[in-house]
2 protein chains.
Amino acid sequence: MPGKRVPEPERREQILAATYDVAAEHGLWETTILRVSAAANVSPGLVMFHFETRRQLLLALLDHLLAQTTVLLVDPEVSALPSPSDRLIAVLRREMSRLTSEPMRIRLTFDFWMAGVRDAAIREKLRTEFARYRASFRPLAADVLRAEPERFAGVTPDGLAGVSVSIIKGCAVQSMIDAEHFDVEDHLAAAVGLMQHLGPAPTVG
Amino acid sequence: MPGKRVPEPERREQILAATYDVAAEHGLWETTILRVSAAANVSPGLVMFHFETRRQLLLALLDHLLAQTTVLLVDPEVSALPSPSDRLIAVLRREMSRLTSEPMRIRLTFDFWMAGVRDAAIREKLRTEFARYRASFRPLAADVLRAEPERFAGVTPDGLAGVSVSIIKGCAVQSMIDAEHFDVEDHLAAAVGLMQHLGPAPTVG
DNA sequence: CATTGTATTGAACGGAAGTTCAATAGCAGT
DNA sequence: ACTGCTATTGAACTTCCGTTCAATACAATG
């Protein structure tokens, strides 16, 4: 009673898409082969045939998830801004608003994050991905510091990049269970309040 | 074949302690009645007898966890610091170092956080708890802003408190899977770099 | 058209989960 | 000592999980 045959890569893609849907709806821990196969209109056995094991299915989902995560790209209009701190702020704003625009991906990523605590393979994938993410902030941070080296003695580009990422992650965590209460603009305003002083020195009254 | 009888509150406490141990070792999702009962040297049925349901056991564990979380208390030597920003920084430092000193509790809290995405009761408990946490930063933040109102027009005490909490949570997330690589002091130095300028105006060269 | 390979199915299996429950044993009160 | 209450046990039940596998039908090859 087998159904239609489909070339392998498309089948994998179809099953992965179904896996994503299930994981987005029920969370990673309730993502079972049965549910995935039902969502993909496919037999449970076929899922095993293509992915060998549940664990490997989830690892493939993580790859899928990270692959389609757009790398932090500073678009032209941002890089045209004259002030280094304005550039950093603009990027922060876009990253933070991304949190509310794709909540499912955020939740799923954090599900994997928690799974990574106990699974070395997951942990490693996430570690390298977020190292890359943090690294993408580094040039921005370096520009900011270079603009006023004497005011931030002891602050390294990596440190500033790390704090930037921390703020974003903190917002992500907050928005995850407090989505409606969490005001991105308000939060950003405060962050900007801190960052502003990385730019030209304010006139001291 | 029943064993010794134990007054109810002690039994509950004993089982909760065992639940904590299991959850700390295996994570919230692998915290099963069977494992808990084994860890408590008790029959599975007794766990059900005292907690009705697995879900209620976990809710009780969450209460247990939040109850024994020390409220953010600014100790005397911190409140003796003359500079408002120094006080905020000192509190930040202590909170961040707490992340690495009790990693198990952090992980477990985040496990609940993720569970809260899909469970309203858990979500509500966490929401109020962290609202209280954020609120405890408010007076500190207000002092900082009051010291230099003209420099931070538009930044509210709530906003600054929120960013402070975001930084801490972001560090927590980071440290969870990158514990050995994550340098608290380096990270804090950068955060302090931002915060410093909330204090007395630096002499502009 | 026959053959071969393989994608596909669906039933089956073993295990572990949460929950239920009749039986039992310890304790308090009389 | 007896009675009654309840904490406690451990087995049974249902369900669902991941996984295995023999049977099957489709597609390409000859």
Side-chain angles (χ1 to χ4, degrees), chain A residues 1-62 111-112 114-115 118-119 121-122, chain B residues 1-62 111-112 114-115 118-119 121-122:
Chain A
M1 303 190 178
K4 287 184 204 163
R5 296 182 126 202
V6 168
E8 187 216 312
E10 299 178 27
R11 256 290 131 84
R12 272 184 71 99
E13 204 61 28
Q14 174 200 357
I15 294 176
L16 277 180
T19 309
Y20 179 89
D21 290 342
V22 172
E25 183 176 354
H26 299 290
L28 201 58
W29 300 103
E30 311 287 351
T31 300
T32 71
I33 304 268
L34 237 72
R35 277 206 245 253
V36 167
S37 63
N41 276 319
V42 136
S43 73
L46 191 60
V47 177
M48 298 299 292
F49 178 80
H50 283 287
F51 292 91
E52 298 281 337
T53 227
R54 179 183 118 103
R55 185 183 132 86
Q56 280 185 282
L57 172 65
L58 295 184
L59 286 174
L61 175 63
L62 178 56
D111 265 346
F112 275 113
M114 294 313 298
R118 273 150 191 115
D119 185 309
I122 293 179
Chain B
M1 305 192 174
K4 288 183 201 163
R5 295 184 125 201
V6 168
E8 188 216 311
E10 298 177 28
R11 255 290 131 81
R12 272 184 70 99
E13 205 59 30
Q14 175 200 0
I15 294 174
L16 277 180
T19 309
Y20 179 88
D21 290 341
V22 173
E25 182 176 356
H26 299 289
L28 202 57
W29 302 103
E30 311 287 351
T31 300
T32 71
I33 305 269
L34 237 70
R35 277 205 246 253
V36 167
S37 63
N41 275 320
V42 135
S43 72
L46 190 61
V47 178
M48 298 300 292
F49 178 81
H50 283 286
F51 293 93
E52 299 280 337
T53 227
R54 180 183 117 104
R55 184 183 131 85
Q56 281 185 281
L57 172 65
L58 295 185
L59 286 174
L61 175 63
L62 178 55
D111 265 348
F112 274 113
M114 295 314 297
R118 267 141 196 126
D119 186 308
I122 293 178

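Just the heavy atoms: all of them, side chains too, but no hydrogens, waters or symmetry mates, feed the values below. Note on naming: letters A, B, ... go to the chains in the order of the sequence lines (proteins, then strands), and numbering restarts at 1 for each one.
Residues L61(B) and L57(B) form no side-chain contact, since every pair of their non-hydrogen atoms from C-beta on lies 4.5 Å or further apart. Looking at heavy atoms from C-beta onward, L16(B) lies in side-chain contact with F51(B) at the 4.5 angstrom threshold. Within the 4.5 Å cutoff, the side chain of V42(A) has heavy atoms near those of the Q14(A) side chain.
Following rounding to the nearest Å, L58(B) (CG) and dG18(C) (C1') show an atom-to-atom distance of 12 Å. Rounded to an integer number of Å, the gap from CD of E52(B) to P of dG18(C) is 16 Å. Between the P atom of dA17(C) and the CH2 atom of W29(B) lies a distance of 15 Å, rounded to the nearest Å. Rounded to an integer number of Å, the gap from R54(B) CZ to dT20(C) P is 15 Å. What separates NE2 of H26(B) from C1' of dA16(C) is a distance of 14 Å, to the nearest Å.
Near-neighbour residues of DNA chain C inside residues 33-50 of chain B, defined by a heavy atom below 4.0 Å, number-ordered: I33(B), L34(B), M48(B).
A donor-acceptor pair under 3.5 Å is absent between the side-chain atoms of R11(A) and the main chain of V47(A), judged by distance alone. The backbone N or O of T31(A) sits less than 3.5 Å from a side-chain atom of R54(A), completing a donor-acceptor pair. For the pair R35(A) (side chain) and A23(A) (backbone), a donor-acceptor distance under 3.5 Å is absent.
Here R55(A) pairs with D119(A) under the salt bridge (charged side-chain N to carboxylate O under 4.0 Å, His left out) rule; sequence neighbours left out.
Between dG18(D) and R55(A), no contact under 4.0 Å exists linking OP1 or OP2 to a side-chain N or O. An OP1 or OP2 oxygen of dT19(C) is reached within less than 4.0 angstrom by a side-chain nitrogen or oxygen of T53(B).
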Please write out each protein N/O paired with an N/O of nucleotides 25-30 of chain D under 3.5 Å, distance rounded to 0.1 Å.
from, atom 1, to, atom 2, distance (Å)
dC26(D), O2, R5(A), NH1, 3.4

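Across all non-hydrogen atoms, the minimal contact from T53(A) to M48(A) is CA-CE, 4.0 Å.
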